[in-house]
Amino acid sequence: MEQEEEKSLLSFFEKKEFANEQKNLINKALDFLQKKKSKNVKEIIRISEYLHKKKFKKNLIISGLLFLDTQKGDFPFLKKEFGEEIFSILENKKKLEEILIISKLEKDKLPEEAIISSIENVEAIILHLVSKLVELENKKDKDEAKSVMEGEVFLAEKLGLKNLKKDLADEAFKTLNPKKYLEISNFLKMSRRERERYIKRIILEIEKKIKPKIKNVKIKGREKQIYSIYEKITKRKIPLNKQRDQFGVRIITHSEGDCYLIFEILNGAYPLVDGTVKDYIKNPKENGYQSLHFCIKYGTKTVEIQIRTKEMDYIADGGGAAHWAYKKIKSNEKFEKKTAWLKEVLKLKEKKSSFFGEIKLNLFKDKIYCYTPKGKSISLATGSSTLDFAYRIHAEVGNHSIGAKVNGKFVPLKTELKNGDTIEIITNKFQRPRRDWLKFVKTKYAKKIISKEVQKFENIPVPKDSFLKKELNEREESPAEIKDFPKHLLNFARCCNPLPDEEIIGIVKSYRKALIHKKDCNRISGKRINEVKAEWKEVFSNPIKIFVQTSDRSGILADIINTLLRKNFKVKETNAKLSGNNFAECYFTVLVNTKEELKEAIKRIKKIKGVMKVWFD
């Protein structure tokens with residue numbers, strides 16, 4: 001890094017507001033770039049400018065300083081000097097780079113779920129998207145622009161990063177079709193900055209007309225991106241000079257009645273454009289989309305207005321399957337619901353960033369994605385072994401497996417795989433399936449093939465699978481105890497779901513395991529041979545895992561986290577999975593100090609709309 005370049009970087013950060021701790025990290029990052037003799041200063045400044053302008057977290061901005069010059073050998077130093085959160089972003093960014101490079105070489109496009117599932121820190125994906133935007137601005141490479149349009153633009157849409165999606169699409173379109181970009185740009189007659197100012201002026205004027213009559217209202221601009229205008233020309237066959245909604249305003253209000261009242265107010269204040277009123281509230285689209293659309297004349301411009309309730313906005317704009325169906329994008333409904341939850345938590349994370357440093361969020365815990373050495377993605381159930389992976393490739397590969405290399409290291413067949421692992425299976429033609437393989441394979445297909453092969457060679461019945469004993473995570477604590485059996489593993493009965501302050505008893509099930517029931521549980525009424533005294537703990541030294549069954553409405557995961565954070569409960573980990581019949585099951589590992597705090601946390605969770613049941617496992 002040249003002296004002038006260092007001055008440029010210093011000058012940029014001196015103009016911005018950072019806490020003293022963050023300034024120290026920035027100085028460390030600049031020292032790191034100096035030692036690396038970085039050749040990427042221009043790109044680093046542009047990435048930092050973008051992240052700061054879009055109000056991303058400060059730690060993400062500092063990560064943006066480091067990632068272009070980071071190698072795996074730097075990881076121990078970076079973890080020690082910059083802390084766990086920045087290190088996690090950099091580590092996952094490097095993992096994402098490796099996955100995408102191999103995928104690109106093999107011309108095997110990864111599904112979006114594979115990318116998001118493989119990366120434990122979603123901010124690494126944001127960093128990847130911003131770096132792609134800057135790369136496009138600098139290189140103007142058509143092949144790269146096409147790749148971004150098919151990949152990163154869609155990924156940004158999935159994560160609800162609307163501004164980033166818009167910027168990526170516009171920049172890619174500008175490279176792919178500069179003449180058409182210029183034509184649309186000229187048609188709009190004003191620069192983007194001027195258009196944004198124009199929309200702000202419209203919003204302020206509309207607010208003055210609405211708010212005297214309706215207090216609970218939110219108004220935001222919907223300035224159309226250049227690429228979306230081009231899509232209307234090509235896909236919907238609307239000529240450029242007949243497009244009415246280059247400027248758009250979305251109004252979010254409390255009730256359906258307010259939607260129509262706002263329509264009356266604006267209809268009386270501005271000329272209505274004939275033939276533009278579309279009432280999707282009374283006549284929803286097939287996918288459930290609801291909103292009231294119409295266009296008004298504002299000076300010489302036409303402005304499209306959309307009015308909807310908050311609930312309608314969640315469905316249409318919050319990320320569920322309905323919105324992508326409306327946008328005519330192919331959709332996997334289960335995946336869309338998961339990414340809808342992820343969007344809500346991303347929004348919440350920006351608002352409550354100080355609380356979120358330690359939360360481990362995994363919405364795709366039921367499935368992992370691993371990769372062959374050539375970059376092909378393989379989806380497996382969580383907990384799958386290298387042998388499960390071998391059988392997913394081919395039955396014969398599994399049958400002849402003797403070991404594997406995971407991320408370059410030799411491991412046995414029973415090794416449990418993690419998201420993002422790259423696996424090379426080692427085979428021997430003399431190997432055959434063994435009976436003990438059934439103890440550690442997870443997938444039904446692998447069990448079926450192994451059972452069949454074992455019967456063929458040994459000609460004796462294969463025993464049925466046995467359930468593995470559930471081990472309590474050492475990092476978590478049971479909220480109850482049996483003082484006479486302090487080392488027993490305690491589970492809570494699902495028949496009665498006991499909660500703090502309800503009278504409980506223990507039923508000893510084995511020499512290491514006991515089940516906690518309500519004292520008046522019908523399931524254990526009458527003679528109880530193995531009954532022992534159980535009671536709720538008054539204080540806790542480790543986190544408690546709280547399970548919650550909810551409806552799968554968009555935003556409910558974020559609502560629960562937000563409720564806990566508002567009362568200063570620390571959430572260490574959270575997970576959600578769809579459980580069928582439009583239900584979801586979540587858990588939250590929460591730091592509480594006393595039984596009273598635990599009761600308070602449960603009480604507040606139960607009050608949230610859509611929460612149906614709370615229990616301990």
Side-chain angles (χ1 to χ4, degrees), residues 1-98 119-139 161 163-164 167 346 348-361 570 572:
M1 182 166 65
E2 300 295 331
Q3 195 171 5
E4 286 302 314
E5 292 176 327
E6 185 179 7
K7 283 182 181 178
S8 298
L9 266 175
L10 282 168
S11 174
F12 170 76
F13 284 102
E14 281 170 358
K15 294 173 186 174
K16 312 301 176 188
E17 290 184 8
F18 289 90
N20 286 333
E21 183 183 349
Q22 290 161 342
K23 285 180 180 177
N24 290 335
L25 291 176
I26 289 166
N27 287 329
K28 284 182 182 180
L30 295 176
D31 288 342
F32 175 79
L33 295 176
Q34 188 69 54
K35 287 175 184 175
K36 286 279 185 176
K37 297 180 180 178
S38 176
K39 305 293 184 185
N40 303 304
V41 175
K42 288 181 181 177
E43 290 84 355
I44 290 169
I45 292 174
R46 177 67 186 105
I47 289 167
S48 300
E49 284 175 340
Y50 187 91
L51 291 170
H52 190 273
K53 181 183 176 183
K54 300 298 181 182
K55 297 181 180 177
F56 283 103
K57 285 175 57 184
K58 298 294 190 288
N59 278 345
L60 186 58
I61 295 172
I62 295 167
S63 302
L65 275 171
L66 296 164
F67 82 96
L68 286 172
D69 293 280
T70 293
Q71 303 299 325
K72 281 190 174 181
D74 301 317
F75 282 175
F77 168 80
L78 294 169
K79 189 172 185 178
K80 180 183 175 184
E81 295 295 323
F82 292 90
E84 188 65 45
E85 186 174 352
I86 290 174
F87 168 72
S88 173
I89 295 170
L90 295 171
E91 183 185 37
N92 280 274
K93 176 67 175 77
K94 186 60 67 176
K95 185 194 292 186
L96 179 58
E97 283 174 16
E98 291 170 354
I119 303 304
E120 293 170 5
N121 191 321
V122 75
E123 286 168 315
I125 301 176
I126 295 172
L127 199 54
H128 166 73
L129 296 173
V130 175
S131 66
K132 273 292 174 189
L133 174 63
V134 173
E135 187 181 330
L136 266 184
E137 288 174 347
N138 292 335
K139 290 186 178 177
L161 301 165
N163 287 331
L164 191 44
D167 293 338
L346 277 171
L348 184 62
K349 187 169 182 178
E350 289 304 310
K351 293 176 186 175
K352 301 275 185 182
S353 59
S354 60
F355 291 102
F356 266 82
E358 298 179 8
I359 291 183
K360 178 186 174 187
L361 177 67
K570 275 195 173 181
K572 297 289 288 183

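Note that the coordinates shown come from a computational prediction; the quantities given were computed from them, not determined experimentally. In what follows, every heavy atom counts, from backbone to side chain, and hydrogens, waters and symmetry copies are set aside.
Within the 4.5 Å cutoff, side-chain heavy atoms of Asp74 are placed close to those of Gln71. In this structure, the side chains of Leu90 and Phe82 stay at 4.5 Å or more apart for every pair of heavy atoms. Considering only heavy atoms from C-beta on, Ile89 stays 4.5 Å or farther from Phe67 through its side chain.
Nearest heavy-atom pair across Asn59 and Ser63 is O-OG, 2.8 Å. Heavy-atom minimum distance, Arg46 versus Val134: CG-CG2, 3.5 Å. The shortest heavy-atom contact between Ala124 and Lys93 is CB-N, 3.5 Å. When all heavy atoms of Leu65 and Ser48 are compared, the closest pair comes out as CD2-OG, 4.1 Å. For Glu123 against Leu60, the heavy-atom pair with the smallest separation is O-CD1, 3.6 Å.
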Leu33 vs Leu68, side-chain contact (heavy atoms from CB on, under 4.5 Å): CA-CA, chis, key distance, verdict: CA-CA 10 Å; Leu33 295 176; Leu68 286 172; over 6 Å; no
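With sequence neighbours excluded, the residues that form a side chain to side chain contact (heavy atoms under 4.5 Å, CB included) with Lys72 are Phe75, Lys94, Glu98. Taking the side chain to side chain donor-acceptor pair (under 3.5 Å) definition, one finds that Asp69 meets it with Ser38, Asn40, sequence neighbours left out. Partners of Lys79 by salt bridge (charged side-chain N to carboxylate O under 4.0 Å, His left out), not counting sequence neighbours, listed by chain and number: Glu84. With sequence neighbours left out, Lys28 forms a side chain to side chain donor-acceptor pair (under 3.5 Å) with Glu81. With sequence neighbours excluded, the residues that form a salt bridge (charged side-chain N to carboxylate O under 4.0 Å, His left out) with Glu135 are Lys132.
Residue Lys54 is tested with Leu164, Val130, Asp167 for a side-chain contact (heavy atoms from CB on, under 4.5 Å); the sole match is Asp167.
Separating the CD1 atom in Ile61 from the CD1 atom in Ile44 is a distance of 14.0 Å, to the nearest 0.5 Å. For the atom pair CZ (Phe56) and CD1 (Ile126), the distance works out to 5.0 Å, reported to the nearest 0.5 Å. To the nearest 0.5 angstrom, Phe87 atom CZ is 10.0 Å from Thr70 atom OG1.
For the pair Asn27 (side chain) and Asn24 (backbone), a donor-acceptor distance under 3.5 Å is absent.
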